[in-house]
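Values reported hereafter were calculated over all heavy atoms of this structure, with side chains retained and with hydrogens, waters and symmetry mates removed.
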Amino acid sequence: MNRRKTINFGDKIFARVSQNGKTVFNYVTEKVANMAQLLSELRFAMKDLRGLVMIHIRNYHQGWGEERPLMLYAPKRSLLQYAGSSQTITEQPLNNERKMMFPWETH
C-alpha cells in the first residue's frame, strides 16, 4: 500500500535531529500543517547549528515515520546586521587591498 505521508494541523509530530550519529535536537509540535512548516520551525529552532543533519520525523496521529537529510547554514556572526541597530557591519578587504565597487556603493 503506497500511502502519501501528509501532515495536518493538529497532528502530533515528533522530530529528532542527529548529526554525526548523535542526537542534537528533539522537537514535538501539533501546530504545523505541512512538511514545509515543520522544516521551517526546525531551521528556526536550530539557527546556530551548521552542517548536514538527519531528521527523523514521526507523525503519531497518522502512524507514519520517515528519515531525511537536511543541510543547515548558520549565519556568520561577524556579517550579521541586526534589525533596529544603527550600526552597520561591513566586510573590509584584507591587507588594504582594493576591491571592486558595486554600482550601489558608488552613490
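Residues Val28 and Ile13 form no side-chain contact, since every pair of their non-hydrogen atoms from C-beta on lies 4.5 Å or further apart.
Here the side chain of Lys5 pairs a donor or acceptor atom with the backbone of Gly65 at under 3.5 angstrom. Remark: side-chain polar atoms of Thr23 are not paired, donor with acceptor, to backbone N or O of Phe25 under 3.5 angstrom. Panel note: side chain Gln19, backbone Arg50; a donor-acceptor pair is recorded below 3.5 Å. The backbone N or O of Ala33 sits less than 3.5 Å from a side-chain atom of Gln37, completing a donor-acceptor pair. A distance-only check finds a donor-acceptor pair linking the side chain of His61 to the backbone of Lys12 [under 3.5 Å]. With hydrogens and angles ignored, the 3.5 Å screen pairs a side-chain donor or acceptor of Asn34 with a backbone N or O of Ala36.
Looking at every heavy atom in both residues, Asn59 comes nearest to Thr6 through ND2-O, 3.2 Å. Residues Glu41 and Tyr27 share a closest heavy-atom pair of OE1-OH, 3.1 Å. Smallest separation of non-hydrogen atoms from Ile7 and Val32: CG2-O, 3.7 Å. Between His56 and Ser18 the shortest heavy-atom distance is NE2-OG, 3.2 Å. Smallest separation of non-hydrogen atoms from Asp11 and Gln62: OD2-NE2, 2.8 Å.
Under the 4.5 Å side-chain heavy-atom criterion for Ile, Leu, Val, Met, Phe, Trp and Tyr, Met35 and Leu70 are members of the same hydrophobic cluster. Cluster membership for Leu39 and Phe14, using ILVMFWY side-chain heavy atoms within less than 4.5 angstrom, is not shared.
Annotation: side-chain hydrogen bond (donor to acceptor under 3.5 Å, both in side chains) contacts of Arg68 (sequence neighbours excluded): Glu66.
Atom CG in Leu42 sits 11.0 Å away from atom CG in Leu49 (nearest 0.5 Å).
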